[in-house]
Visitor: 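First, the structure itself, so that you have it in front of you.
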Amino acid sequence: MVKWQDKQSYMEAECPSNYQFDETLVFLKRSNQEMHRVEGRIVYKALKVDGSAILFSVTEENDKLYIHVLKGKADSLTKESITVYVTKWFDLERDVAPFYQLAQQDPYLSKLVQQYSGLRIVGIPDLFEAFVWAIAGQQINLTFAYTLKRRFVEQFGEKLDWEGEAYWLFPEPEDLADCTIEMLRVLQFSSRKAEYILGIAEKMRDGSLQQALRENSYQELKKELLSIRGIGAWTADYVLMKCFRMQNAFPIADAGIHQALKQQLGRKPTLEEIAKLARNWAGWEAYATIYLWRSLNE
DNA sequence: ATCCAGGCGATGG
DNA sequence: CCATCGCATGGA
């Protein structure tokens, strides 16, 4: 349990065990087209609290995390919202000890957990953002996916300026109310993806999607997700992993997973082979996945 | 140039 | 039910 202490002008918390902030930074620095900004070891991020945009920073020193509110009213609601967000974003409340236990015995993971010790899932707490990002990233290279996301955010999101830098808030489904397929085509989304995203935005505007996703078991949630146009097995598991933070979510068809395992096997594994070796990861597939992904950006 | 990207739904057998 | 196809475009 992460306990954030309110220090008036900032907040602080002990890092959980088995956590390395620097691994979070590696992930956050993956693209320079993101909505957050990383400068040195400080992460800057805009967030909407009770209808208004705020900006905060988060950093770490001597196993302590520090959050500062940089812009906006630093009232208790704001502080609470930020700590909740950061806790989910960096997956700080998970007890990962069982995963490390399991991974140390695993032929595919033992080296990776040693090499990237303290890496945790960097999640996508916002549901709409998780959907848009997952759909945008379907079947295209990551660099282009980030370009699409940035264009989307700059077209429909809200901008917050602070000390000469721009910080963007991810759009809400309401911001897409007047958006057409053509408008997304201009940003170079495919027609298909445009349809998927607008369909999801609509289902979220009337609240029906959130309602359908109130189930809490992995199986129930996945079934609901798969019934949505544009959400296949890969996207469902990706969203379950990054937004619902289900540690057993496993996007098994993922090209990155295949590539990472190929480097260890010397050839591309079949789905059956992956399913077989993943039996050893039961319950922790999402964590196995992020360590495999991590091994790719060397 | 060619192949492939953190896939999906539609179509046809 | 499973295999194949079109999408759509940037990176390597």
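Just so it is clear, the model here is predicted, and its values are computed rather than measured. A, B, ... follow the sequence lines: proteins, then strands. Residue 1 opens every chain.
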Visitor: Between A/L112 and A/R294, is the side-chain contact (heavy atoms from CB on, under 4.5 Å) condition met? List the steps.
Guide: CA-CA 8 Å; A/L112 300 183; A/R294 176 68 177 83; over 6 Å; no
Visitor: Is any side-chain nitrogen or oxygen of A/Q138 closer than 4.0 Å to OP1 or OP2 of B/dA5?
Guide: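 So the side-chain polar atoms of A/Q138 never come under 4.0 Å of the phosphate oxygens OP1 or OP2 of B/dA5.
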Visitor: Just call it for A/A145: base, sugar-phosphate, or nothing, with non-hydrogen atoms closer than 4.0 Å on any strand.
Guide: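 Result for A/A145 = nothing.
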Visitor: May I ask you to say what A/I231 touches in the nucleic acid, namely base, sugar-phosphate or nothing, with a heavy-atom cut-off under 4.0 Å?
Guide: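 Answer is sugar-phosphate: A/I231 comes under 4.0 Å of backbone atoms only.
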Visitor: Between B/dC3 atom P and A/Q259 atom CD, what is the distance in whole Å?
Guide: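 Nearest whole value for this atom pair: 17 Å.
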Visitor: Under 6.0 Å from the six-membered ring centre of A/W89 and within 45° of its axis: does the NZ or CZ of A/K45 meet both?
Guide: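 Relative to the ring axis of A/W89, which defines the angle, A/K45 lies inside both limits.
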Visitor: Does OP1 or OP2 of B/dG7 have a side-chain N or O of A/R192 closer than 4.0 Å?
Guide: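 Answer is no, no contact under 4.0 Å.
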Visitor: Whole angstrom is fine here: how far is it from CD in A/Q33 over to P in C/dG10?
Guide: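 About 13 Å, once rounded to whole Å.
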Visitor: So for atom CD, which belongs to A/E202, do other residues, nucleotides or ligands contribute more than 12 heavy atoms lying within a distance under 6.0 Å?
Guide: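 It does not: A/E202 CD has 12 such atoms or fewer within range.
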Visitor: Using whole Å, report how far CZ of A/F189 lies from P of C/dT9.
Guide: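 It is 12 Å, rounded to the nearest whole Å.
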Visitor: Nearest to the side chain of A/T147 - C/dG11, B/dG7, C/dT9?
Guide: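 The answer is C/dG11.
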Visitor: Whole angstroms only, please: what is the CG-P distance between A/L184 and C/dA8?
Guide: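 So the two atoms are 13 Å apart, to the nearest Å.
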Visitor: Counting only Watson-Crick or G-U wobble pairs whose two distances fall under 3.5 Å, which nucleotide matches C/dT4?
Guide: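 Partner of C/dT4: B/dA10.
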Visitor: Identify whether any heavy atom of A/S191 sits under 4.0 Å from a base atom; if not, whether one sits that close to sugar-phosphate; answer base, sugar-phosphate or nothing.
Guide: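 Counting heavy atoms under 4.0 Å across all strands, the contact made by A/S191 is with sugar-phosphate only.
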Visitor: Where each residue is assigned the nucleotide of DNA chain B containing its nearest heavy atom, which of A/G256 and A/L226 is assigned the position nearer the 5′ end?
Guide: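 First, find each residue's nearest nucleotide; the 5'-ward one identifies A/G256.
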Visitor: If I take atom CG in residue A/L148 and atom C1' in nucleotide C/dT9, what distance separates them, rounded to the nearest angstrom?
Guide: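 Those two atoms, CG and C1', are 9 Å apart.
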Visitor: Starting at atom CD of A/Q139, determine the distance to atom C1' of C/dT4, rounded to an integer number of angstrom.
Guide: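 About 14 Å, once rounded to whole Å.
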Visitor: With a sphere of 6.0 Å drawn around CD of A/Q114, does it hold more than 12 non-hydrogen atoms of other residues, nucleotides or ligands?
Guide: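 Not more than 12 within 6.0 Å, no.
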Visitor: Checking side chain to side chain contact (heavy atoms under 4.5 Å, CB included) against A/K88, which of A/L92, A/D91, A/V86, A/V84 comes through?
Guide: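 Option passing the side chain to side chain contact (heavy atoms under 4.5 Å, CB included) with A/K88: A/V84.
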Visitor: Does B/dA5 have its OP1 or OP2 closer than 4.0 Å to a side-chain nitrogen or oxygen of A/T143?
Guide: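 No, no such contact exists.
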Visitor: Where the side chain of A/Y196 is defined as all heavy atoms beyond and including C-beta, which of B/dC8, C/dG10, B/dA5 is the nearest nucleotide?
Guide: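 Between B/dC8, C/dG10, B/dA5, the one nearest the side chain of A/Y196 would be B/dC8.
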Visitor: Using purine N1 to pyrimidine N3 plus N6-O4 or O6-N4 for Watson-Crick, or N1-O2 and O6-N3 for G-U wobble, both under 3.5 Å, which nucleotide pairs with C/dG11?
Guide: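 Across all strands, the one nucleotide that pairs with C/dG11 is B/dC3.
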Visitor: Report the residue (A/I228 or A/N141) whose heavy-atom-nearest nucleotide on DNA chain B is the more 5′ of the two.
Guide: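 Upstream on the strand: A/N141.
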Visitor: Please tell me which of the listed nucleotides, B/dG7, C/dA8, B/dA5, lies nearest to the side chain of A/W234?
Guide: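 Closest nucleotide among those given: B/dG7.
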Visitor: Output the rounded distance in Å from NZ (A/K193) to C1' (B/dA10).
Guide: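 A/K193 atom NZ is separated from B/dA10 atom C1' by 17 Å.
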Visitor: Measuring from A/I54:CD1 to A/L160:CG, what's the distance to the nearest 0.5 Å?
Guide: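 One finds 8.5 Å between CD1 of A/I54 and CG of A/L160.
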Visitor: Using the P atom in both, what is the distance from B/dT11 to C/dA8, to the nearest Å?
Guide: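 Per the computed distance, 15 Å lies between those P atoms.
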Visitor: Are OP1 or OP2 of B/dC8 and a side-chain N or O of A/T235 less than 4.0 angstrom apart?
Guide: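 The answer is yes; a side-chain N or O of A/T235 sits under 4.0 Å from OP1 or OP2.
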Visitor: Between A/Y146 (OH) and C/dG11 (P), how many Å, whole number?
Guide: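 Whole-Å distance recorded here is 14 Å.
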